[in-house]
Trainee: 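This structure is in structure tokens; I'll ask about it shortly.
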Protein chains: 2
Amino acid sequence: MATVADAQRDVDHPPREDIRLAGVLAALADPIRMRVVRELAAAGTTKSCVAFELPVSKSTCTHHFRVLREAGVIRQSYRGTARMNDLRRDDLDALFPGLLAALLLAAGTEVDHA
Amino acid sequence: MATVADAQRDVDHPPREDIRLAGVLAALADPIRMRVVRELAAAGTTKSCVAFELPVSKSTCTHHFRVLREAGVIRQSYRGTARMNDLRRDDLDALFPGLLAALLLAAGTEVDHA
DNA sequence: CATCTTGTACGACAAAAACCATACTACGAG
DNA sequence: CTCGTAGTATGGTTTTTGTCGTACAAGATG
């Protein structure tokens, strides 16, 4: 369960108005990070970092999640030792209408054809 | 006017099926290249490299146009000494429906709010 | 408390990217 | 033919990025 201590360990996220399109695109241009976003969108709920089973080391994993967070693509919060990740769908849709949907669709069809 | 010699100087473009979403996103994550694409979309026609008046040197300019071409975002062809550039709207729309429109819209609203 | 699980911090490294200057090619115009 | 214009090629520098390993921190669990 999330505790008060968890909340204090929480980390900074850019406010909605600071999210830049260039940052979002750079974040999603990496295949590992795009995969994370796709799995997050498919799940529809928060997922811990370890749940993704990414083919990289722990520290690289931390790096990728930080890039996604600083770009404003995901929201992170602690729950015990786990860091839960969550798509910032609301903010992205408000800022860039249709973009997330088009990106997820594009990524999906590309995988299907591979 | 375009000549036979012009055609022989033409350069390789990736076929539609080789265009990767990651490459397109990486290409568009650079502000200079996004600006080129936006101006191309707004113009609706081909434009020579020099017509963009980009704030970088000639060689850097060549570099950015090559990245866009190799990502499959633009088509280039010679006309005299000028290299004409053209958005690959048809291919992008076929591969990634709605993506280009969402990107252009997003880039446009971002500039408006700046 | 001891230990396991999760994740972070830091330092290092190689590869890629963005940039420039210089030298060059190719076409067009005088 | 000569010169100007448009762009390429090459090679260099600097910055950024993706990756890792090691050491550490904090909560969960025995």
Side-chain angles (χ1 to χ4, degrees), chain A residues 1-13 20 22-37 46-71 73-86, chain B residues 1-13 20 22-37 46-71 73-86:
Chain A
M1 179 183 359
T3 66
V4 173
D6 284 345
Q8 296 193 334
R9 285 169 68 211
D10 280 349
V11 99
D12 281 342
H13 291 72
R20 318 301 288 139
V24 172
L25 296 185
L28 268 41
D30 182 279
I32 291 191
R33 292 192 292 257
M34 176 57 94
R35 168 171 157 184
V36 167
V37 169
T46 67
K47 288 184 73 173
S48 77
C49 295
V50 81
F52 290 90
E53 306 191 42
L54 301 175
V56 291
S57 72
K58 273 197 307 176
S59 24
T60 303
C61 200
T62 296
H63 162 71
H64 284 305
F65 282 101
R66 177 171 44 223
V67 172
L68 285 170
R69 172 170 42 80
E70 291 179 351
V73 178
I74 64 171
R75 212 177 275 116
Q76 295 187 295
S77 59
Y78 279 101
R79 211 164 72 190
T81 61
R83 178 155 241 177
M84 303 306 287
N85 302 283
D86 181 5
Chain B
M1 178 182 0
T3 66
V4 173
D6 284 343
Q8 295 193 333
R9 285 169 68 211
D10 279 351
V11 98
D12 281 343
H13 292 72
R20 318 300 289 142
V24 173
L25 296 185
L28 268 43
D30 183 280
I32 291 191
R33 293 192 292 257
M34 176 57 93
R35 167 171 159 184
V36 167
V37 168
T46 67
K47 288 183 74 172
S48 77
C49 294
V50 82
F52 290 91
E53 306 190 44
L54 300 175
V56 291
S57 73
K58 271 199 307 178
S59 25
T60 302
C61 200
T62 297
H63 161 71
H64 284 304
F65 281 100
R66 177 170 43 223
V67 171
L68 284 170
R69 172 169 44 79
E70 291 179 350
V73 177
I74 65 171
R75 212 176 276 114
Q76 294 186 296
S77 59
Y78 278 102
R79 209 163 73 190
T81 61
R83 178 156 242 179
M84 303 306 286
N85 303 283
D86 181 4

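Chain letters run A, B, ... following the sequence lines, proteins first, then strands; residues in each count from 1. This one's a predicted model, so the numbers in the text were calculated from it and none came from an experiment.
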Trainee: Could you work out which one of D/dT19, D/dG7, C/dT8 sits closest to the side chain of A/Tyr78?
Mentor: C/dT8
Trainee: Please confirm whether the shortest side-chain N or O distance from B/Arg33 to OP1 or OP2 of C/dA18 is below 4.0 Å.
Mentor: yes
Trainee: Go through C/dT8, D/dA6, D/dG18 for me and flag the one nearest to the B/Ala82 side chain.
Mentor: D/dA6
Trainee: In terms of side-chain heavy atoms of A/Ser48, which of C/dT6, C/dG7, D/dC20 is nearest?
Mentor: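 In terms of side-chain proximity for A/Ser48, the closest of C/dT6, C/dG7, D/dC20 is C/dG7.
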Trainee: With a cut-off of less than 4.0 Å, is there a side-chain N or O of B/Ser57 near OP1 or OP2 of C/dC20?
Mentor: yes
Trainee: Quick one: A/Phe52 CZ to C/dG7 C1', roughly how many Å, whole number?
Mentor: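 Spelled out: CZ on A/Phe52 to C1' on C/dG7 is 14 Å.
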Trainee: Give a yes or no on whether the backbone of B/Thr62 and the side-chain of B/His64 come within a donor-acceptor separation of less than 3.5 Å.
Mentor: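 Between the backbone of B/Thr62 and the side chain of B/His64 there is no qualifying donor-acceptor contact (under 3.5 Å).
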Trainee: Which distance, rounded to the nearest 0.5 Å, do you find between the CZ of A/Arg33 and the NE2 of A/His63?
Mentor: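 Taking CZ in A/Arg33 and NE2 in A/His63, the distance rounds to 5.5 Å.
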Trainee: Grab the CD-C1' distance between A/Glu53 and C/dT5 for me, whole Å please.
Mentor: 15 Å
Trainee: Would you mind reading off the distance between A/Arg83 atom CZ and C/dT5 atom C1', rounded to a whole angstrom?
Mentor: 16 Å
Trainee: Using whole Å, report how far CZ of A/Arg66 lies from P of C/dA9.
Mentor: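 To the nearest whole Å, that distance equals 7 Å.
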Trainee: Quick check for you: among C/dA18, D/dG18, C/dG7, whose closest atom lies nearest to any side-chain atom of A/Cys49?
Mentor: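 Given the options C/dA18, D/dG18, C/dG7, the side chain of A/Cys49 is closest to C/dG7.
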Trainee: For D/dT17, does either OP1 or OP2 sit under 4.0 Å from a side-chain N or O belonging to A/His64?
Mentor: no
Trainee: Roughly, in whole Å, what's the span from CG in B/Asn85 to P in D/dG7?
Mentor: 8 Å
Trainee: Calculate the interatomic distance between A/His63 atom NE2 and D/dT16 atom C1'; express it in whole Å.
Mentor: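 Roughly 10 Å, once rounded to whole Å.
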Trainee: I'd like to know if B/Thr81 reaches the base of C/dG28 with its side chain such that a donor and an acceptor end up less than 3.5 angstrom apart.
Mentor: no
Trainee: Does a side-chain N or O of B/Ser59 approach OP1 or OP2 of C/dA21 to a distance below 4.0 Å, or not?
Mentor: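 It does not, given that no N or O in the side chain of B/Ser59 lies less than 4.0 Å from OP1 or OP2 of C/dA21.
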Trainee: For B/Ala71 and B/Val24, work out which heavy atoms get closest and say how close.
Mentor: O-CG2, 3.8 Å
Trainee: Going from CZ on A/Arg83 to CZ on A/Phe65, what distance comes out if it is rounded to the nearest 0.5 angstrom?
Mentor: 10.5 Å
Trainee: Search all heavy atoms of B/Arg35 against all heavy atoms of B/Phe52 and return the closest pair with its distance.
Mentor: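 That would be NH2-O, 3.5 Å.
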Trainee: Roughly how many Å is it from CZ in A/Arg69 to P in C/dT8, rounded to a whole number?
Mentor: 8 Å
Trainee: Choosing from C/dT6, D/dG7, D/dC20, which nucleotide comes nearest the side chain of A/Val56?
Mentor: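 For the A/Val56 side chain, the nearest candidate turns out to be D/dC20.
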Trainee: Calculate the interatomic distance between A/Gln76 atom CD and C/dT8 atom C1'; express it in whole Å.
Mentor: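 About 11 Å, once rounded to whole Å.
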Trainee: Let me know, please, whether B/Lys58 or B/Val67 comes out on the 5' side of the other along DNA chain C by nearest nucleotide.
Mentor: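 That would be B/Val67.
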